[in-house]
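Quick one: this structure, given as structure tokens, is what I'll be asking you about.
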Amino acid sequence: MAPLDMISKNGSSIPTASRRSFLGLSAAASAAFALRIVTEPMLAHASQRSVPKDGVRIDANENPLGPCASAREALAAIVPQGGRYSFWLTDDLVETLAEMEGLKVEQVRVYPGSSEPLHHTVAAFASPQRSYVTADPGYEAGMFAATTIGAKVVKVPLTKSYAHDVKAMLAAAPDAGVLYVCTPNNPTGTLTSHSDIEYLVENKPQGSVVLVDEAYIHFCDAPSVMDLVKAGKDVILLRTFSKIYGMAGLRCGAAFGRPDLLEKIENYGGWNAMPVTALAAATASLKDAQLVPERKRINARIRGEVFAWLDRNGCSYIPSEANFFMLDTKRPAKPAIDAMAKQKVFIGRIWPVMPTYTRITIGTASEMEQFQVAWQKVMTGAVTASVGAIPGAGELGRRRRNLDGILVRA
Ligand SMILES: Cc1ncc(COP(=O)(O)O)c(C=O)c1O
């Protein structure tokens, strides 16, 4: 008889590949220990002073709406069961995702966020002999993972329309192990077409995978490449509950792919029981048919209002399809970021290839009004950067976090 924890709620033992293979890891597992996970909050706060409680935080692409009402109810209801691993909740979420996407359960794995499968995919398919290929500017986490394992990072400029230049990506790295495509792209919020991703998949080097990060796909109308997963291509697709679902602090994400690919990435991270709160809230969120269209509408409306204000005020930005956008300061962006922080409005970081731009997350309408008031003052020179403390932040105001999350002197 299977141990109690391995029994699903309908009484059957759980035969998922992840639980079958949980001890057969020894060779690969040692590599996973060397891999540290770099996340958006680490990146957002590495160059940012610590944020006072009443600050406007539009620096880490979070969703200020938080979990939806039914997710909040599910969270409250699951708390008394927090003393158990409750694997059946994982099965519930996997089954719900599989059903929604038209996949088999073996093609779905859930994680506490999508950062883990992102790093583990890089560890599994890139190596000192097989490069990690990414867009520039692009989301940095995979580059850190590649560097950690000694793989070459090949950065390929976006096209003029800020799409991934798939032909240039292929030409730049005939030795590619992982070709990473984030669409909409973090930080530009711009799309790469389905046909371009298909081209990449059809023409990539043998033995490599295309890692498609759809963290922000729900904010736009672009088609997903889930059909390529369904067709059994060499594609690993990532989704997260941290963005439109408003669950960044609850930690839930998913990887979709062929079972053999998922098993390979699992060798680099193993598996663990998921937080029951994340599972309950994620499953409830998926069952709320209104959540995605409603939040997409809210984000698009506020984003449109911000763009209209920027247009009226002669500011340049990259039109985005996501819950963030790149704003051109027309000068090195760091002093503008500091001057905004002085007004307790915390905006995003800089990508070296676009040194005059800073990334702005779409917050609530009221937060974006505060952003506009503060930005106007920065642009007119009424407020400039200062090396002093952030008003109201006390001792924390003179410090920032480094990439290890440790407070250091600013
Ligand atoms: C492009 C992209 N991928 C993945 C992630 C990982 O998010 P999480 O680990 O919260 O699911 C983020 C977070 O901001 C992101 O921007």
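One is the number of the first residue; the rest follow in order along the sequence. Atoms within each ligand, like the ligands themselves, are counted from 1 in listed order. Note that the coordinates shown come from a computational prediction; the quantities given were computed from them, not determined experimentally.
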Q.
Using every non-hydrogen atom in the two residues, find where Pro184 and Leu191 come nearest and quote the distance to one decimal.
A.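 In terms of heavy atoms, the two residues are closest at CG-CD2, 3.7 Å.
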Q) Can you list the residues that meet the side chain to side chain contact (heavy atoms under 4.5 Å, CB included) rule with Ala151, with sequence neighbours excluded? A)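 Per chain and number, Ala151 pairs via side chain to side chain contact (heavy atoms under 4.5 Å, CB included) with Ala126, Ala146, Ile149.
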**Q.** Pairwise salt bridge (charged side-chain N to carboxylate O under 4.0 Å, His left out) hits with a residue in residues 117-145, at least two apart
**A.**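 Those involving residues 117-145 are Glu140-Arg349.
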Q. Counting only heavy atoms not in Arg251, do more than 12 fall under 6.0 Å of its CZ?
A. yes
Q) Can you pull the residues with any heavy atom under 4.0 Å from ligand 1? A) Glu40, Gly113, Ser114, Ser115, Tyr139, Tyr180, Cys182, Asn186, Asp213, Ala215, Tyr216, Thr240, Ser242, Lys243, Arg251
Q) Listed by chain and number, what are the ring pair (Phe, Tyr, Trp, His ring centres under 6.0 Å) partners of Phe325, not counting sequence neighbours? A)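 Testing Phe325 for ring pair (Phe, Tyr, Trp, His ring centres under 6.0 Å), a comparison that skips the adjacent residues, returns Phe307.
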Q | Lys152 side, atom NZ; Thr147 side, atom OG1 - distance, nearest 0.5 Å | A | 12.5 Å
